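Remarks on the structure that follows.
Remember, it's 1-based here, ligands and their atoms both numbered in the order they're listed. Keep in mind the model is a prediction, meaning the values are calculated, not measured. For reference, positions follow the sequence shown, starting with 1.
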Amino acid sequence: QNQSVESTTDVLIIGAGPAGLMACHALAKLGIRVRIVDKRPEKLIAGQADGIQPRTMEIFQSYGLLERLLKEGNQIHTAAFYNPNAHGTIELTDRVPDVTAPTARYPFEVTLHQGAIEAIFMDSMAASGVEVERHVAPVSISLDEAVARVYDKECYPVKASLRNLFNGNLEVVNAKILIGADGAHSWVRKSLGIAMEGEQTDYVWGVIDIAEPESDFPDIRNKAVVHSNHGTCMVIPREGDKVRVYIQLDDGAVLQSIAANKNKSNGRIDMTKLAVGPEDLLCVAQKILHPYTLRAGGGKFEWWTVYTIGQRVASQFSVHNRIFIVGDACHTHSPKAGQGMNASMGDSHNLVWKISAVLNGWVDPDVLDTYELERRKYAQDLISFDRKFAKLFSGKPRTEQYQDGVSHEEFLQIFQTFGGFTSGIGMRYLGSTITDADHTNSTRGIKVGERFPPRPVVRAADSRPMDIQDLLHSDGRFKVLVFLEGEKEATIALEALSIELEHVTRMSPANNLFAVTEVLTFIAGTGDSPRDVLNWTSWPLMLRSHWSKIFVEKPDGAEYSPEVIVVRPDGYIGKIIPSHSLESQLSNYFSGFLRKKTQKSTCYIGPGLDQS
Ligand code: FAD
């Protein structure tokens, strides 16, 4: 007899891939009651995605997870390009830096298999007492729309029935929020009737992971894009000696076998029936790489797959801001630019602090609207980039005989022009209540909507060189960065600042400014030697709630711009205010989304619903 139990949680996450784990890890660290389930009986051992982009590394740093990623992963600093030569084989055309993003803190890619990346999250989550519940899948979900906008401590509008696939037992989980992170074939998305917009392409690719490659290819430890007369492949060096090869498949027999085993409705290929194996894929790669050789030592392949590329974005990313979809569940594209896992974790990073702030009752639930606004736009941009990139990638190379082909210059131009985009560094969020685009530029070359870039400073108390980006921890709080010129200018700006911070304090839960923000102060100076570091103890306490919150910043040029920059909890710039016009601007920004305090009610009912 199967048993059924009922329980409650704040957030329930379906799917423990990179997107689900990023969300779960962050929510657990923020003190939110969270559960995560996955239908897989075991964690991922090999395969799937492996590329971590520079912006994702910055995000890992903000959660304290970067050290392990760098220790375990392989770094890619150089990209090499090969094209056909007059003898019909391939030759090196160019080598360029792999990452084109001048402000990247970590200007390289890291490759590490998806399972190892997932383990980084799981081990860190375990310290907060949260583990993935495996072999569990939802059988139904429902949302009580009548109370979807009621944010009360005891209000759980989402109901999910979960089946334990080991013993068949059912559990009804009542949740405040549900996150569907269940991959490209998302059950959550389908059960909500959310459509995917876009198309399936005709490109068919194979992937092989070789544990012990034997090769004389000179760029076997660089990223190498190889266009040949026999097709295209991409070589990706991995952790240890491993190498991954992506191979474009246009061999008639291979394509026939794939077409015969492809499910017409969902595009899935039944790998068990394919008349193609990893040896066949390696054979194609060997032809492309000729005159160089590549063999799998011991004939061993760690993992392999074949797939067709769908370039699609979900028509909506949320239902009443109570059920969200993240990652591959809401966007799919080719893996050529190494975006899948990064975009997926980026969705969760964007969403979780908003969920935490809403559930903790200090921001208006409408802030959750910005998840779809920001991440759907990003996903659409990603798909249009992917269309261009995948086409160039899969196109035949230009040769003397084939003048209509893709030239190296064309390919390199796209590769570098979109470097800011593919690295994740150049992404900019649209204006909203949390991203106030009224005054967008700082003289520090910083723009509202972009992530706060690295900037060296010296900590005043102990003359320790630091980077501002490292101070922007993902701890759920807004960072108020106060840049002051010096004693004289500061006295004027400080008055206005203290009035503004006082207003924000009154809006903050329990009148505690530091529940919602962290104030970090930077004073112009050289900081070159201990003698040049300012006397930090003479500054007002509001600017140095702790000795570690006050710094010396060296001016970029002769001019120094005093200003206040508000950075959102996810590291993106929400507001820039020149210090001469501080009045009302800081408090207006926060009053745009901080929840209004009411005297009698413990329950907030958002606009649009009748309270009766
Ligand atoms: P996923 O990593 O797909 O995670 C989804 C999780 O949800 C999985 O653990 C799954 O078991 C779980 N799940 C699914 N349905 C349910 C359900 N009903 N109930 C409970 N749990 C559920 N990217 C590349 O860059 N290069 C590649 O070569 C590559 N190959 C891939 C091969 C395969 C077979 C797959 C599936 C993906 C591949 N990807 C590749 C894509 C890459 O893995 C994703 O972009 C990335 O992992 C997205 O993360 P995610 O968390 O959104 O989804």
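- Below 4.0 Å from some heavy atom of M341 lie the following atoms of ligand 1, by number and element: 45 (O).
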Stepwise side chain to side chain contact (heavy atoms under 4.5 Å, CB included) check, F108 with Q53
CA-CA 7 Å; F108 50 88; Q53 299 295 343; over 6 Å; no

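- By the 6.0 Å contact criterion, CD on Q75 is enclosed, its count of non-hydrogen atoms from other residues, nucleotides or ligands being greater than 12.
- The nearest protein atom to atom 8 (C) of ligand 1, hydrogens excluded, is given as D38 OD2, 3.4 Å; this is a heavy-atom distance.
- Using a 4.5 Å heavy-atom threshold, the side chains of V319 and F324 count as separate.
- Residue I14 has at least one heavy-atom neighbour below 4.0 Å for each of these atoms of ligand 1: 19 (N), 20 (C).
- Looking from atom 27 (C) of ligand 1 to the surrounding protein, the closest heavy atom is Y246 OH, 3.2 Å.
- When G20, P18, P138 are checked for heavy-atom proximity to atom 49 (O) of ligand 1, P18 turns out nearest.
- With hydrogens left out, the protein atom closest to atom 22 (C) of ligand 1 is K39 CG, 3.7 Å, a heavy atom.
- Atoms of ligand 1 found under 4.0 Å from any heavy atom of W187, numbered from 1 in the order shown, are 18 (N).
- Salt-bridge formation is detected for the pair D570/R568: a Lys NZ or Arg NE/NH1/NH2 atom is positioned less than 4.0 Å from an Asp or Glu carboxylate oxygen.
- For atom 5 (C) of ligand 1, the nearest non-hydrogen atom from the set S186, A181, G15 comes from A181.
- A 4.5 Å side-chain heavy-atom check between E109 and H77 finds every atom pair outside the cut-off.
- Residue contact check: W303 has heavy atoms under 4.0 Å from atoms 30 (N), 32 (C) of ligand 1.
- Applying the 4.0 Å criterion to heavy atoms of G183 picks out, from ligand 1, the atoms 3 (O), 5 (C), 53 (O).
- Atoms of ligand 1 lying under 4.0 Å from any heavy atom of V136, numbered from 1 in the order shown and given with element: 20 (C).
- Contacts of Q339 with ligand 1, taken as heavy-atom pairs under 4.0 Å, are absent altogether.
- Numbered from 1 in the order shown, with element, the atoms of ligand 1 that lie under 4.0 Å from a heavy atom of A137 read 19 (N).
- No more than 12 heavy atoms of other residues, nucleotides or ligands shown are found within 6.0 angstrom of CD on E131.
- Counting only heavy atoms of the protein, atom 45 (O) of ligand 1 lies nearest to D328 OD1, 2.9 Å.
- Of all the atoms in ligand 1, the ones that sit under 4.0 Å from a non-hydrogen atom of G340 are 45 (O).
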